[in-house]
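What follows is a set of notes on a single structure, which appears directly below.
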Amino acid sequence: MSQPSAKLNAFPVFMRVEGEAVVIVGGGDEALAKARLLGQSSARLVIVSDHVEPELADWIAANNAGHINALYDSAYLEGAVLVFAATGDAGQDRVISDDARRLGIPVNAVDRPELCDFFTPALVNRAPLAVAIGTEGAGPVLAQMVRSKIDRMLSPSLGSLAVLAASFREGAEKLLPKGNPRRRFWNEFFSGAPARALENGQPEEAREVASALLRRQEPTEGHIALVGAGPGAEDLLTLRAHRHLMEADVIVYDALVPEAVVAMGRRDAERLPVGKRKGCHSKSQAEINALLVSLGRQGKRVVRLKSGDPLVFGRAGEEMQALRDAAISYEVVPGVTAAFAAAADFELPLTLRGVTSSMVFTTGHDLKGKSLPDWAKLAISGATVAVYMGRSVAADVASRLIDAGLSPDTAVAVVENASLTSRRKFHGTLADLPSLEDRTDLTGPVMTIIGDAVAGANFEKSEPLAAQRHIGAAARTGETVA
Ligand code: SAH
C-alpha cells in the first residue's frame, strides 16, 4: 500500500481517441517510438516532418498513417486531441509545446518532463482491456519491467474475453440479480469455462458455455489442470503454468516439485502435498485420483502440479482416466522434462546429425525380465537413452546393455538436481555406470543419459563417475520416484 502522503502528480485516465487526430512532430527514433505506441489505438495519426528516417517512413506506409512532409508549423496542430513533440531538439520541442498549450491541446515532449502536460504509459494491450503503467516520467526502465511482469500474467486471449464480456453485460444485468449471483457469474465467466474456451481458441464454444452459465443450466464446474512444473528451477515454468497457478483454488503437488514453484500459486490457494518418495508413498495413486475427482465435483479450480512434464512418468494417464470417468473437465499443460534439463546442463545434443536421430525415455525398471525390452534394442542401434529413476537400477541397465552388445565405452552423463544451482554433474562410460548405485551422496533426483551423442557434451565442472566407489549399498537412501 502506498503511504497516505504519497499522492500522484500525474493521474491516469483513458482518453477517447477513436478517429481523432493525434499529431507527432518529428522524423526520427523518438517519433517512431511514439508512433508505435499510439499506433495501438484507433486514433488518426499524423506525422509532421520534412525529414523522415527510413524506418519511420516504412512504419507510416505500413500503418496508413498521415504524413505532412513539411517544416513544422503550428497550423498543423489545429484540431488534434493530443500533440507529441518528438523532434529531438530542445528548442524546437519547446516551441511545439508552447503552441499546443496556446491551442489548448495537451502535449507531451519526449524526455522533457517540464514541457509535458501528460506522460505516456508503458502499455499492456489486450484491447479493449489495457493496463497503463506510469512513473511520472521518472523511470522508463522500471515501467518496462512492471509492464513485462503484467504482460506475462495476462492471457493473450484476455482481449477477446473482454469483448465477449461486453456482449453479455446486458443479458447479465437483465437475468441476474445484482450482488452475489451477478458477481458469481462474472467470476466464473472470467476465470472458468468461457475463459478456458477462448484460451483454446474456441470462440463459439466460449459463447455457448457463457450462455449456458447465464441461463444457470450448469452449476459452477470444477476444472483440473495437470501442470508440468519443470525440472525444479522456477523460471523453467511455462507462462501458462504460471497463469494456472495464479488462478488455482487448490494446488495438489508431488514431492519433487520445489516449494518455490508451489509458492508461485495464488496466495490463498489451498496447498495439498501428495508427494511420493520411494518407500514412503504418502498417498496412493487411487487416493490421489479420488481426491482430484472430489475437488472437481466441489467446483474447484485445481492445479495438479507434477515435476517435469506431467505426461512423462507422472501417472497422468491414470489421473486423466479417473477424471474422464467422472466427467470432470481437465487439461494438460506441458513442462520441461528432466531429460531436457539434464541435456541442457551438459550442453548435450540429444539428437546429433550423422550420429543419432532417435531418443528413448525410459526408467530401466523393465530390464529385469529375460527378454530385452525394445528400447534396449534402440540403444544398441544408436539412440540417445535418458533413464528416469535410474539410480537404483544403474548396474542392471549397464550390464544388460553391455551383454546385448552395446560397447562398454559408450559415453554416459549423469546429473543430480538438473536445472538447480545445487546440481552435480558426472560423466563416464557405460562400464562406470554401476557405481551410481553405490553413491550415497546423491540424495536429489538423478538423470542418466547414455549414448554416442553424449560424447559431444560439455564436461566442464563435471566429476568422473567412477572416481569414488562407495561400499555398503545398504546405506542407500530412498530414490525419488514418480
Ligand atoms: N515427470 C517428470 C519425471 C518424474 S519421474 C519429468 O518429466 O521430468 C522422477 C524422476 O525424474 C527422478 O527419479 C529423476 O530420474 C528424474 N528427475 C526429475 N527431476 C529431476 C532433476 N531436477 N534432475 C535430475 N533428474 C530429475
Side-chain angles (χ1 to χ4, degrees), residues 225-238 241 252-262 273-282 285 288 303-320 332-348 350 359-367 375 384-394 396-397 412-427 433 436-437 439 441-450 454 457 461-463 465 476-482:
L226 290 119
V227 174
E234 295 140 76
D235 55 353
L236 285 177
L237 199 71
T238 64
V252 178
Y253 62 99
D254 285 341
L256 265 185
V257 179
E259 260 318 303
V261 174
V262 181
V274 292
K276 288 170 269 163
R277 293 206 166 241
K278 198 172 185 181
C280 52
H281 285 213
S282 55
Q285 190 57 49
I288 296 172
V303 165
R304 169 71 175 110
L305 202 51
K306 291 167 178 291
S307 82
D309 183 275
L311 304 181
V312 177
F313 301 120
R315 304 217 183 168
E318 294 155 60
E319 292 173 18
M320 291 189 291
V332 181
V333 179
V336 175
T337 192
F340 292 159
D345 282 346
F346 267 109
E347 298 164 25
L348 182 169
L350 290 167
M359 291 177 265
V360 171
F361 290 6
T362 182
T363 66
H365 284 265
D366 52 358
L367 274 173
W375 69 261
T384 307
V385 178
V387 188
Y388 289 74
M389 299 172 275
R391 197 168 70 82
S392 59
V393 291
D396 263 341
V397 169
V412 171
V414 175
V415 52
E416 178 201 31
N417 290 327
S419 86
L420 295 166
T421 47
S422 59
R423 76 171 78 85
R424 282 181 75 189
K425 299 193 285 181
F426 304 89
H427 66 277
L433 186 57
L436 194 60
E437 283 193 34
R439 294 204 77 123
D441 54 332
L442 302 185
T443 51
V446 169
M447 171 60 56
T448 302
I449 304 184
I450 305 167
V454 175
K461 293 197 189 140
S462 160
E463 308 162 40
L465 189 54
R476 271 178 227 160
T477 51
E479 177 171 26
T480 31
V481 296

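As a basis for the values below, the full set of heavy atoms in this structure was taken, side chains included, without hydrogen atoms, waters or symmetry mates. Both counts, for ligands and for their atoms, begin at 1 and track the order of listing. None of the values given here were measured: they were computed from a predicted structure.
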Next on the checklist: Using a 4.0 Å cutoff against the non-hydrogen atoms of Val415, which atoms of ligand 1 qualify?
Outcome noted: 24 (C)
Item to check | Distance-only N or O hit between ligand 1 and Met389, under 3.5 Å | outcome: yes
Next on the checklist: Closer than 4.0 Å to some heavy atom of Tyr388 - which atoms of ligand 1 meet that?
Outcome noted: 3 (C), 6 (C), 8 (O), 11 (O), 15 (O), 16 (C)
Item to check | Close side-chain approach of Leu350 and Ile449, heavy atoms under 4.5 Å | outcome: yes
Checklist entry - Less than 3.5 Å between some nitrogen or oxygen of Ser419 and one of ligand 1, yes or no? => result no
Checklist entry - In ligand 1, which numbered atoms sit nearer than 4.0 Å to a non-hydrogen atom of Leu256? => result 9 (C), 18 (C)
Checklist outcome for this item: Taking every heavy atom of Glu437 against every heavy atom of Val393, the minimum-distance pair comes out as OE2-C, 3.6 Å
Checklist entry - Just by modelled atom types, is the Phe346 backbone N or O under 3.5 Å from a matching donor or acceptor in the His427 side chain? => result no
Next on the checklist: side chain to side chain contact (heavy atoms under 4.5 Å, CB included) for Arg439 and Val446? Distances and angles first, verdict last.
Outcome noted: CA-CA 11 Å; Arg439 294 204 77 123; Val446 169; over 6 Å; no
Item to check | Nearest-0.5 Å distance, CD of residue Glu259 to CD of residue Glu234 | outcome: 11.0 Å
Item to check | Contact (N/O only, under 3.5 Å) between Val312 and ligand 1 | outcome: yes
Next on the checklist: If I apply the N/O under 3.5 Å rule, does Ala418 come out as touching ligand 1?
Outcome noted: yes
Item to check | Tyr253 side chain vs Val303 backbone, donor-acceptor pair below 3.5 Å | outcome: no
Item to check | Close approach, Ser307 and ligand 1, non-hydrogen under 4.0 angstrom | outcome: yes
Checklist entry - With no hydrogens and no angle check, is any side-chain donor or acceptor of Thr448 less than 3.5 Å from a backbone partner on Val387? => result no
Checklist entry - Which of the atoms in ligand 1, numbered in the order shown and given with their element, are less than 4.0 Å from a heavy-atom of Thr337? => result 6 (C), 7 (O), 8 (O)
Checklist outcome for this item: Honestly, for Asn417 the part within reach of ligand 1 (heavy atoms, under 4.0 Å) is backbone
Checklist entry - Just distances here: any N/O of Val446 and N/O of ligand 1 closer than 3.5 Å? => result yes
Item to check | Nearest option to atom 8 (O) of ligand 1, as decided by whichever heavy atom of Ala338, Gly232, Gly390 sits closest | outcome: Ala338
Next on the checklist: Donor-acceptor check, side chain of Asp309 to backbone of Leu311, threshold 3.5 angstrom: yes or no?
Outcome noted: yes
